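Worth saying up front: this structure is predicted, and the values here are computed from it rather than measured.
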Amino acid sequence: MSSEDTPEQGPDRTPGPGAGSTPSVPEPPRADTPEGPDTPKAPGTSPQIPPVPETPAPAPQEPSGPQLTGRQRLAAGLWPPRVTRAQLIVALLLFVLGLGLAIQVRSTSDNSALRGARQEDLVRILDELDSRTKRLEDEKQRLEGQRTELETSSNQAAEARKQTLEKERQLGILAGTVAAQGPGITLTITDSKKAVEADKLLDTIQELRAAGAEAIQVNDVRVVANTYFSDADGGIEVDGRKVTAPYVFKVIGKPQDLEPALNIPGGVVQTLEKEQATATVVRSEKIVVDALRPAKRPDYARSSSR
């Protein structure tokens with residue numbers, strides 16, 4: 001049969017039974033093949049198993065945010081704080097306990113200088129306290145004696161006039177309007193570093209007054225009840241008058257009381273030594289305080305006695 005006599009077969013045609021050929025029976029589709037039951041198979045060919053696609057390995061996941069260090073993670077865990085009621089109660093109790101301990105330490109630290117003092121220093125402090133007590137007792141007895149004299153004297157007017165003059169002299173010494181002399185000490189403070197400030201000199205005056213000083217003079221300025229100290233350039237001002245180092249204190253009083261008061265542990269001498277200054281105390285049987293202050297008449301105050 002020639003090629004012209006062969007019937008054309010398209011993709012959708014199959015040779016019929018009248019052509020003398022045996023029809024091929026299609027094999028049932030395999031479950032693992034991509035073809036379905038309606039997919040035609042070529043005659044005489046066996047189905048091929050498609051290769052199993054390889055599953056790609058999962059790629060490593062990138063971190064969604066920046067990596068945190070250990071310190072940053074610790075800070076993130078501590079802040080913002082997650083405070084519970086129990087923690088608040090514990091914090092309050094610890095605060096109260098710490099406050100009580102601080103108050104206790106502060107109250108006991110005031111006596112720390114005396115706790116660490118030597119036996120001879122403690123004896124000297126006790127002697128100073130005894131001297132102050134005796135001085136107050138003597139003043140009390142003197143005032144009681146004056147009252148008795150006024151009550152029993154036959155010439156009360158003359159006795160009152162005598163006591164008035166004595167009182168005027170004493171008040172003049174305290175006010176700085178008259179000169180005074182008597183036993184006492186001379187305190188010289190050398191300040192080469194210019195580290196001594198006004199408050200240190202004021203503490204010295206207070207310590208001397210507590211020890212029984214009756215008249216005090218700093219350089220050429222008389223110290224009275226209303227005297228004030230202030231810092232100035234290159235020195236210290238006393239009642240507005242500038243004084244420079246060395247500061248010389250002329251003090252009238254009982255030397256046996258004045259000198260130990262300055263040398264007690266933690267007193268004036270030790271405080272000035274911490275400021276790199278030098279304090280020298282010299283006793284004397286005659287100290288002259290001759291710096292005077294003008295007597296001022298009050299403008300408004302008048303005596304209430306009639």
Side-chain angles (χ1 to χ4, degrees), residues 110 113 128 132 135 167-255 257-302:
D110 296 337
E128 181 184 355
R132 292 182 183 180
R135 187 168 61 252
K167 193 69 174 179
E168 181 182 1
R169 187 185 66 84
Q170 294 177 0
L171 293 177
I173 294 175
L174 295 177
T177 57
V178 297
Q181 66 178 13
I185 64 170
T186 300
L187 170 64
T188 305
I189 299 177
T190 304
D191 183 21
S192 58
K193 303 278 186 183
K194 298 187 181 300
V196 177
E197 297 179 351
D199 58 338
K200 299 298 185 298
L201 298 187
L202 180 59
D203 292 340
T204 304
I205 295 295
Q206 298 294 349
E207 192 67 34
L208 290 171
R209 283 175 173 170
E214 298 177 354
I216 304 174
Q217 175 178 329
V218 179
N219 288 11
D220 56 349
V221 180
R222 186 72 170 266
V223 177
V224 294
N226 59 349
T227 297
Y228 64 91
F229 292 78
S230 60
D231 294 319
D233 294 335
I236 295 175
E237 289 186 355
V238 182
D239 290 339
R241 298 176 60 180
K242 186 176 179 180
V243 296
T244 57
Y247 307 106
V248 180
F249 289 70
K250 295 181 179 180
V251 187
I252 296 178
K254 188 177 181 180
D257 295 339
L258 297 176
E259 184 180 5
L262 299 176
N263 291 317
I264 62 174
V268 173
V269 174
Q270 288 189 1
T271 303
L272 292 174
E273 289 177 352
K274 291 180 181 179
E275 299 292 338
Q276 299 182 353
T278 304
T280 305
V281 181
V282 178
R283 296 186 184 187
S284 178
E285 292 298 326
K286 183 179 180 180
I287 298 292
V288 178
V289 175
D290 53 1
L292 302 180
R293 299 177 68 94
K296 294 182 179 181
R297 180 181 297 273
D299 296 330
Y300 304 100
R302 295 293 183 269

Residue pair Lys200, Asp191: steps toward the side-chain contact (heavy atoms from CB on, under 4.5 Å) verdict:
CA-CA 12 Å; Lys200 299 298 185 298; Asp191 183 21; over 6 Å; no

Let's go through Arg222 and Val289 carefully: what are the C-alpha distance in whole Å and the side-chain angles of both, what is the deciding distance for side-chain contact (heavy atoms from CB on, under 4.5 Å) to 0.1 Å, and is it a yes or a no?
CA-CA 8 Å; Arg222 186 72 170 266; Val289 175; 3.5 Å; yes

Evaluate the side-chain contact (heavy atoms from CB on, under 4.5 Å) criterion for residues Ile185 and Leu262: first the C-alpha distance (whole Å), next the side-chain angles of each, then the deciding distance (0.1 Å), finally the verdict.
CA-CA 11 Å; Ile185 64 170; Leu262 299 176; 3.8 Å; yes

Could you walk me through whether Val218 and Ile205 pass the side-chain contact (heavy atoms from CB on, under 4.5 Å) test, one step at a time?
CA-CA 10 Å; Val218 179; Ile205 295 295; 4.2 Å; yes

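Residues Gly182 and Ile252 approach most closely at N-CD1, 3.9 Å, considering heavy atoms. The two residues Leu187 and Ala279 have their closest heavy-atom pair at CD1-CB, 4.1 Å. Between Arg293 and Ala175 the shortest heavy-atom distance is CD-O, 4.0 Å. Taking both residues in full, the closest heavy atoms of Ile236 and Ser230 are given as CG2-O, 3.3 Å, listed atom of the first, atom of the second, then distance. Residues Pro255 and Gly184 share a closest heavy-atom pair of CG-O, 3.7 Å. Across all their heavy atoms, Pro260 and Arg283 have their closest contact at CD-NH2, 4.5 Å.
In this structure a side-chain-to-backbone donor-acceptor pair under 3.5 Å is missing from Asp290 to Ala179. Using modelled atom types, no side-chain atom of Gln181 and backbone atom of Lys286 make a donor-acceptor pair closer than 3.5 Å. Looking only at distances, no side-chain donor or acceptor of Glu259 sits under 3.5 Å from a matching main-chain atom of Ala261. A donor-acceptor distance shorter than 3.5 angstrom exists from the side chain of Lys242 to the backbone of Asp233, with no hydrogens or angles considered. Here the side chain of Tyr228 pairs no donor or acceptor atom with the backbone of Glu237 at under 3.5 angstrom. Judged by distance alone, the side chain of Asn263 and the main-chain N or O of Val269 form no donor-acceptor pair under 3.5 Å.
A heavy-atom distance below 4.5 Å is found between the side chains of Arg169 and Ile173. Looking at Leu201 and Phe249, their side chains come closer than 4.5 Å, going by heavy atoms from C-beta outward. With contacts defined as side-chain heavy-atom distances shorter than 4.5 Å, the pair Thr188/Tyr247 does not qualify. When side chains are defined from C-beta on, Ile287 does not count as touching Val251, because their heavy atoms never get closer than 4.5 Å. Looking at heavy atoms from C-beta onward, Thr271 lies out of side-chain contact with Val268 at the 4.5 angstrom threshold.
Atom CD of Glu214 and atom CG of Leu174 lie 8.0 Å apart (nearest 0.5 Å). Here Glu197 contributes atom CD and Leu202 contributes atom CG; the two are 12.5 Å apart, rounded to the nearest 0.5 Å. Taken to the nearest 0.5 Å, the CG atom of Asp239 stands 6.5 Å off from the CG atom of Asn226. Atom OG1 of Thr204 and atom CD of Glu207 lie 8.5 Å apart (nearest 0.5 Å).
Within a 6.0 Å sphere centred on CD of Gln170, other residues, nucleotides and ligands contribute more than 12 heavy atoms.
Under 4.0 Å is where a charged nitrogen must lie from a carboxylate oxygen, and between Asp220 and Arg241 at least one such pair does.
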